[in-house]
Protein chains: 2
Amino acid sequence: MTEARATDPRYLQVARALRQDIVDGIYPVGSQLPTEHALCERFSVSRYTVREALRRLREDHLISSRPRTGTLVVPRTSTSSYAQDVMSIDDLMAFATGARFAIHANKMLTIDADLADRTGLPVGEEWLAVGGFRQVEGAPNPVCFTEYYINRAFAAVGRLLQRHHGPVFPLIEDMFGRSIVEVHQEIAAVLMRSDLAARLDVDPGTAALELRRTYKTSDGEIAQVTINTHPSSRYRHSMTLRRVEG
Amino acid sequence: MTEARATDPRYLQVARALRQDIVDGIYPVGSQLPTEHALCERFSVSRYTVREALRRLREDHLISSRPRTGTLVVPRTSTSSYAQDVMSIDDLMAFATGARFAIHANKMLTIDADLADRTGLPVGEEWLAVGGFRQVEGAPNPVCFTEYYINRAFAAVGRLLQRHHGPVFPLIEDMFGRSIVEVHQEIAAVLMRSDLAARLDVDPGTAALELRRTYKTSDGEIAQVTINTHPSSRYRHSMTLRRVEG
DNA sequence: GGTAATTTGTCCGTATGTATA
DNA sequence: ATATACATACGGACAAATTAC
């Protein structure tokens with residue numbers, strides 16, 4: 001049960017009791033809740049306490065109060081309007097902060113079948129490819145291997161990457177004035193490639209997390225594709241979704 | 001404009017004035033706001049009115065109050081102004097739709113050190129554990145192994161799981177009237193456990209994607225933890241983030 | 001290191017406003 | 001017109017715990 005801890009403030013105890021009554025159908029959806037005055041008497045508390053309790057239930061969208069008409073038990077919102085969730089971009093770039101990027105390769109190349117499969121880009125197109133290991137200050141080994149594939153229209157940012165910290169797409173936005181409006185992310189579990197295993201100092205055949213992000217401009221054009229390969233021992237992808245008003 | 005309509009309630013006028021002072025730097029980020037008592041005197045209103053005003057500013061994450069230490073002006077989270085990203089809950093539950101859940105185990109258990117590590121729950125607590133394989137119509141093999149760990153306060157939903165399709169947390173919301181307001185998700189790459197490998201019909205030692213989701217109520221209480229283990233060959237985690245106005 | 005002042009959180013009783021049924 | 005019921009508002013009080021002395 002939802003224990004009613006005696007130590008909890010009164011308004012929480014009242015909120016709990018009313019919540020229970022609502023889910024038990026004592027106050028069915030669509031019905032009026034008793035007036036605040038009546039609830040004061042029932043729980044032997046002041047109007048302040050009742051109103052704090054009702055405020056909690058309102059925040060949970062269990063009830064809806066309107067002046068002079070009373071307080072209504074409302075149906076739970078349907079799944080469609082159910083939830084919009086926000087993820088902070090911090091999560092998206094968390095791994096990048098404070099990490100140094102040691103460039104390993106930086107050249108134009110043509111997408112072949114293998115790369116097309118890994119990046120989702122069309123075979124035959126020319127893209128700027130930049131690869132390197134991401135190093136955290138003080139740590140002995142790189143945290144991940146990163147590949148950037150940058151649309152040739154924005155290839156000029158390639159020269160800036162050496163001195164740049166953090167995510168690359170703001171560079172594109174600054175240099176070309178094109179906004180990145182959509183990021184598509186795919187995460188897969190793979191086995192560590194043997195050539196990377198050595199450089200990352202893990203055993204080949206261990207698990208690795210492969211993150212692929214595709215950055216699209218408002219035109220729907222793909223500006224950049226990034227692939228990060230993390231040894232599973234050093235990385236968990238983490239994010240928090242919070243429900244916002246709908 | 002933020003016109004101070006004389007008809008507005010006093011607490012809104014106070015909130016507006018304080019908001020203006022904060023953006024004007026009169027109360028810089030990191031500084032203490034005057035005490036509630038001081039604000040009562042400044043605006044010649046009661047403490048009730050000041051507290052209602054501060055409540056509005058808190059809801060906007062402009063300030064943060066802590067008992068006995070006062071009220072602090074907090075920095076606007078870079079994330080909220082920078083980019084907020086929307087992910088539909090469809091993505092979150094996409095995997096579940098159309099899949100049948102074959103329950104394999106359903107019992108109360110005590111969290112031991114190993115489970116604590118895997119779930120993030122405290123050692124020693126009792127949780128309802130439900131495990132099973134998720135099966136898609138027509139496919140020969142299960143798509144993943146799913147473990148639910150459900151707060152004993154909500155363990156009553158366990159009986160409904162047999163006949164239930166789709167995500168579990170709406171059940172909790174309906175039965176107990178508690179909203180899930182936050183979902184934390186962690187994704188890691190692991191090697192397939194041998195006992196699961198047989199049931200999922202993949203080789204042991206292949207890569208697997210482990211998704212852990214923690215569902216929190218508005219009280220900050222953890223209602224449920226879900227762990228999904230997907231063979232890498234059958235699953236990529238995919239989502240799209242769209243930038244919205246800050 | 002104990003003590004007093006401070007500050008938010010909680011709670012009460014009371015009163016007025018306001019628009020509806 | 002009147003009673004109703006939520007919204008707003010005041011003043012007073014104690015609790016708990018951090019902070020300063």
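For the numbers below, each heavy atom of this structure counts, side chains included, while hydrogens, waters and symmetry mates do not. Just so we're clear, the structure is a prediction, and the values are computed from it rather than from any experiment. So you know, we letter chains A, B, ... as the sequences are listed, proteins then strands, and number each from 1.
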Do the side chain of B:Glu52 and the main chain of B:Arg47 share a donor and acceptor less than 3.5 angstrom apart?
no
Under 3.5 Å, is there a donor-acceptor pair between the side chain of B:Asn151 and the main chain of B:Phe154?
no
Are more than 12 heavy atoms from other residues, nucleotides or ligands located less than 6.0 Å from atom CZ of B:Arg66?
no
Taking the side chain of A:Tyr11 as heavy atoms from C-beta outward, which of D:dA9, D:dC6, C:dT10 is closest to it?
C:dT10
Of the listed nucleotides (D:dC6, C:dT7, C:dT10), which one gets closest to any side-chain atom of B:Thr35?
C:dT7
State, yes or no, whether a side-chain contact exists between B:Val74 and B:Val29 at a heavy-atom distance under 4.5 Å.
no
First locate atom CD1 of B:Ile26, then atom OG of B:Ser31, and finally report the distance between them rounded to the nearest 0.5 Å.
11.0 Å
Distance in angstrom units between [X] [atom1] and [N] [atom2], rounded:
{"X": "A:Arg58", "N": "D:dA5", "atom1": "CZ", "atom2": "C1'", "result": "13 Å"}
{"X": "A:Tyr48", "N": "D:dA9", "atom1": "OH", "atom2": "P", "result": "16 Å"}
{"X": "B:Gln32", "N": "D:dT19", "atom1": "CD", "atom2": "P", "result": "10 Å"}
{"X": "B:Arg55", "N": "C:dG9", "atom1": "CZ", "atom2": "P", "result": "10 Å"}
{"X": "B:Leu39", "N": "C:dT6", "atom1": "CG", "atom2": "P", "result": "17 Å"}
{"X": "A:Glu52", "N": "D:dA7", "atom1": "CD", "atom2": "P", "result": "12 Å"}
{"X": "A:His37", "N": "C:dG13", "atom1": "NE2", "atom2": "P", "result": "12 Å"}
{"X": "B:Arg51", "N": "C:dT7", "atom1": "CZ", "atom2": "P", "result": "14 Å"}

What's A:Arg10 touching, base or sugar-phosphate or nothing? Going by heavy atoms closer than 4.0 Å.
sugar-phosphate
Classify A:Arg66 by what it touches in the nucleic acid, base, sugar-phosphate, or nothing, heavy-atom distance under 4.0 Å.
sugar-phosphate
Just N and O in the side chain of B:Thr69: are any of them under 4.0 Å from OP1 or OP2 of D:dA17?
no
When the nearest nucleotide of DNA chain C is assigned to A:Thr49 and to B:Arg47 on a heavy-atom basis, which residue is associated with the more 5' position?
B:Arg47
Base of C:dG17 paired with side chain of A:Arg68 (donor-acceptor, under 3.5 Å)
no
